[in-house]
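Since the model is a prediction, treat every value here as computed from it, not as a measurement.
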Amino acid sequence: MLIQRLPEAELDGVPTCGYFLRPGNAYVYIERGGDHRLLRLIQPTDFGPIEANVQGETRKAAAPERERRRRRAGSSGERS
C-alpha cells in the first residue's frame, strides 16, 4: 500500500491536504485543520473517473442532514 502526500492546495477557499492512494490510484483531498472533512475524491474506474466534491453551503449542512437520515439498526426496519 502506498499513501503519497500531495502539495497543499485550496478548494473553494478551504485549505486542503491531498493524498494519492495505491492500489486504486485514488486522489483524496481533506480539510486542513478543524474536522478534517473529506472535500474531494477522484477514483478511476473501468468506465472513467468518478469525482465526488463537497461544495459551498453543503459542507455546513451535511451533519444535520446525516442526523435526520440516521435509522436504527434492525432487520424489520421499524422504529421503536
For this session: Given side chain to side chain contact (heavy atoms under 4.5 Å, CB included), test Val28 with Leu38 step by step and report yes or no.
Result: CA-CA 7 Å; Val28 177; Leu38 177 66; 3.4 Å; yes
Exercise. Under 4.5 Å between side-chain heavy atoms, hopping through other hydrophobics if needed: is there a path connecting Leu39 to Leu6?
Worked result: yes
Seminar exercise, completed: CG (Asn25) and CD1 (Ile42) are apart, to the nearest 0.5 Å, by 12.0 Å
For this session: Could you name each residue pair satisfying ring-ring contact (aromatic ring centres under 6.0 Å, His included) that touches residues 23-50, not counting sequence neighbours?
Result: Phe20-Tyr27
Exercise. Roughly how far, to the nearest 0.5 Å, is the CD atom of Glu51 from the CZ atom of Arg40?
Worked result: 5.0 Å
Exercise. Is the number of heavy atoms from other residues, nucleotides or ligands under 6.0 Å of Ile3 CD1 greater than 12?
Worked result: no
Exercise. How many angstroms lie between atom CD of Glu31 and atom OG1 of Thr16, to the nearest 0.5 angstrom?
Worked result: 9.5 Å
Exercise. Which heavy-atom pair separates Gly24 from Gln43 by the least distance, and what is that distance?
Worked result: O-NE2, 3.0 Å
Seminar exercise, completed: Residues at least two apart in sequence or cross-chain that pass salt bridge (charged side-chain N to carboxylate O under 4.0 Å, His left out) with Arg5, listed by chain then number, are Glu8
For this session: Can you see which heavy atom on Cys17 is nearest to which on Arg32, and at what distance?
Result: SG-CG, 2.9 Å
Problem set entry | Interatomic spacing from CD1 in Ile30 to CG in Asp35 - rounded to 0.5 Å | 11.0 Å
